[in-house]
Q: 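One structure follows; several queries about it will come next.
Because the structure is a prediction, the values reported are computed rather than measured.
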Amino acid sequence: GKHKQFCVTREERSVAAQQGLDATAPGGDCESACAICLDPLETLPAVTLPCEHRFHSACVDGMREFGIQQACPSCRSSLPQKESVDKSKAEKLFADASRRFWVLKQKIESRDGGWGALSTAHQRGMDDVVAKLKEAAALGHGEAQYWIGGMHQDGHGVKQSDKEAVRWWQKAADQGHADAQNNLGVLYDSGRGVKQSDKEAVRWYQKAADQGYSGVQCNLGVCYEHGRGVKQSDKEAVRWYQMAADQGYSGVQCNLGVCY
């Protein structure tokens with residue numbers, strides 16, 4: 001049954017030993033095969049546990065799913081929480097994607113045509129970047145979700161789409177990403193990719209402003225000054241303008257001068 005799928009029998013261990021697959025020590029032949037299913041590690045995505053033993057990610061997830069003891073099959077060290085594994089994997093994916101992106105960006109923007117007509121090699125590179133970002137985003141990485149939204153907004157390596165930008169920024173904003181919250185506010189303010197709504201713009205501006213985002217504090221001040229999405233209030237406008245000014249946001253000085 002399913003127990004067999006995630007356990008190595010005595011017979012299988014004997015076969016593995018005859019084939020030179022040592023599943024007891026990190027850094028040895030166990031690096032070539034998963035000690036749970038005995039298939040080569042390169043056939044499926046693998047995960048390295050804190051004890052340094054490596055297994056197929058699907059095999060480790062299967063052990064969790066079927067309630068098998070939460071310990072490394074080789075040394076019996078406790079398995080890390082799945083959330084911790086996912087976070088580590090997402091961080092690595094994002095780091096790899098961001099490094100690749102900055103290299104590509106420099107190359108693309110240094111040639112004629114810029115982002116308008118990518119070469120086949122540059123497009124393949126961007127496809128790889130986006131694939132890694134989406135994999136990280138699927139694991140809940142807010143910054144990856146924010147980046148994908150920005151790429152759709154700017155048309156960098158993907159088709160330009162305000163609607164897609166909204167979709168991805170919404171995911172990041174729901175996790176408390178201040179930049180994504182501000183950008184959503186801007187799109188609702190202008191009606192790009194969404195139905196124009198002053199109230200929704202204010203709602204997202206408020207979330208970002210509450211996190212100390214100086215630029216959006218100025219935007220929120222404008223909303224209160226002109227009564228857009230909120231009840232008009234010079235007092236509230238000045239309060240938000242002053243908060244932005246106190247953080248060194250130079251663009252707000254003119255707004256404060258008008259109010260006074």
Q: Grouping I, L, V, M, F, W and Y whenever their side-chain heavy atoms are under 4.5 Å apart, do V166 and I148 come out in a common cluster?
A: yes
Q: Hey, are E225 and Q232 close enough side-chain-wise for a donor-acceptor pair under 3.5 Å?
A: no
Q: Which heavy atom of R111 sits nearest a heavy atom of A117, and at what distance?
A: NH2-O, 2.6 Å
Q: Within a strict 4.5 Å, meaning less than it, do heavy atoms of the V202 and Y188 side chains meet?
A: no
Q: Taking the six-membered ring of W168 as reference, does the cationic atom of K171 (NZ for Lys, CZ for Arg) lie under 6.0 Å from its centre and within 45° of its axis?
A: yes
Q: Considering non-hydrogen atoms only, spot the tightest contact between A208 and A178 and give its length.
A: CB-O, 3.6 Å
Q: Does K132 come within less than 4.0 Å of D128, counting only side-chain N to carboxylate O?
A: yes
Q: What are the two closest non-hydrogen atoms of I36 and C59, and how far apart are they?
A: CD1-CB, 3.7 Å
Q: Taking all non-hydrogen atoms of both residues into account, name the closest pair between S214 and A244 and its distance.
A: O-CB, 3.4 Å
Q: From Q145 CD over to D174 CG, what is the distance, rounded to the nearest 0.5 angstrom?
A: 8.5 Å
Q: Does V186 share a hydrophobic cluster with W240, counting links as ILVMFWY side-chain heavy atoms below 4.5 Å and allowing steps through other members?
A: yes
Q: Supply the atom-to-atom distance N182 CG to Y205 OH, rounded to the nearest 0.5 angstrom.
A: 6.5 Å
Q: Taking H141 for its side chain and E91 for its backbone only, find out whether a donor-acceptor pair lies under 3.5 Å.
A: no
Q: In Å and rounded to the nearest 0.5 Å, what is the CZ to CD distance from F101 to Q106?
A: 12.0 Å
Q: If hydrophobic clusters are built by linking Ile, Leu, Val, Met, Phe, Trp and Tyr wherever their side-chain heavy atoms come under 4.5 Å apart, do V158 and W115 end up in the same one?
A: yes
Q: Is there a donor-acceptor pair closer than 3.5 Å between any side-chain N or O of Q247 and the backbone N or O of Y213?
A: no
Q: Quick test of your reading of the model: are D96 and R100 salt-bridged, counting only N-O distances below 4.0 Å?
A: no
Q: For R203 and K207, run side chain to side chain contact (heavy atoms under 4.5 Å, CB included): C-alpha distance rounded to whole Å, both residues' side-chain angles, the deciding distance at 0.1 Å, then the answer.
A: CA-CA 7 Å; R203 185 169 77 88; K207 288 178 181 290; 3.6 Å; yes
Q: With side chains defined as the heavy atoms from C-beta onward, is the minimum distance between L220 and M243 less than 4.5 Å?
A: no
Q: In sequence, state the C-alpha distance, the side-chain angles, and the governing distance for Y146 and D179, and then conclude on side chain to side chain contact (heavy atoms under 4.5 Å, CB included).
A: CA-CA 8 Å; Y146 173 72; D179 288 303; 3.6 Å; yes
Q: Taking atom OG of S119 and atom NZ of K107, what is their separation to the nearest 0.5 Å?
A: 9.5 Å
Q: May I ask you to check whether W147 and E143 show a side-chain donor-acceptor distance below 3.5 Å?
A: yes
Q: Would you please test K89 and E135 for side chain to side chain contact (heavy atoms under 4.5 Å, CB included) and show each step?
A: CA-CA 9 Å; K89 181 180 179 181; E135 190 174 352; 3.4 Å; yes
Q: Could you tell me whether a side-chain N or O of Q175 sits under 3.5 Å from a main-chain N or O of G140, the two making a donor and an acceptor?
A: yes
Q: What's the verdict on side chain to side chain contact (heavy atoms under 4.5 Å, CB included) for R167 and Q170, showing C-alpha distance, side-chain angles and the deciding distance?
A: CA-CA 5 Å; R167 187 168 76 88; Q170 181 80 57; 5.8 Å; no
Q: Counting C-beta onward and ignoring hydrogens, is there a side-chain heavy-atom pair between D39 and C34 closer than 4.5 Å?
A: no
Q: What closest approach, in Å, do W204 and Q181 show between heavy atoms, and which atom pair accounts for it?
A: CB-O, 3.3 Å
Q: Rounded to the nearest 0.5 Å, how far apart are NE2 of H152 and CH2 of W169?
A: 11.0 Å
Q: May I ask you to check whether Q242 and Q217 show a side-chain donor-acceptor distance below 3.5 Å?
A: no
Q: Write down the atom of C223, the atom of V230, and the distance for their closest heavy-atom approach.
A: O-CG2, 3.6 Å
Q: Would you call H53 and C75 a side-chain contact if the rule is heavy atoms closer than 4.5 Å?
A: yes
Q: Between atom OH of Y241 and atom CG of D234, what is the distance when rounded to the nearest 0.5 Å?
A: 9.0 Å
Q: Just so I know, are the side chains of L133 and M151 near enough to count as touching, which here means a heavy-atom distance under 4.5 Å?
A: yes
Q: Cluster question for you: counting only ILVMFWY and a side-chain heavy-atom cut-off of under 4.5 Å, with indirect links fine, are V130 and W102 together?
A: yes
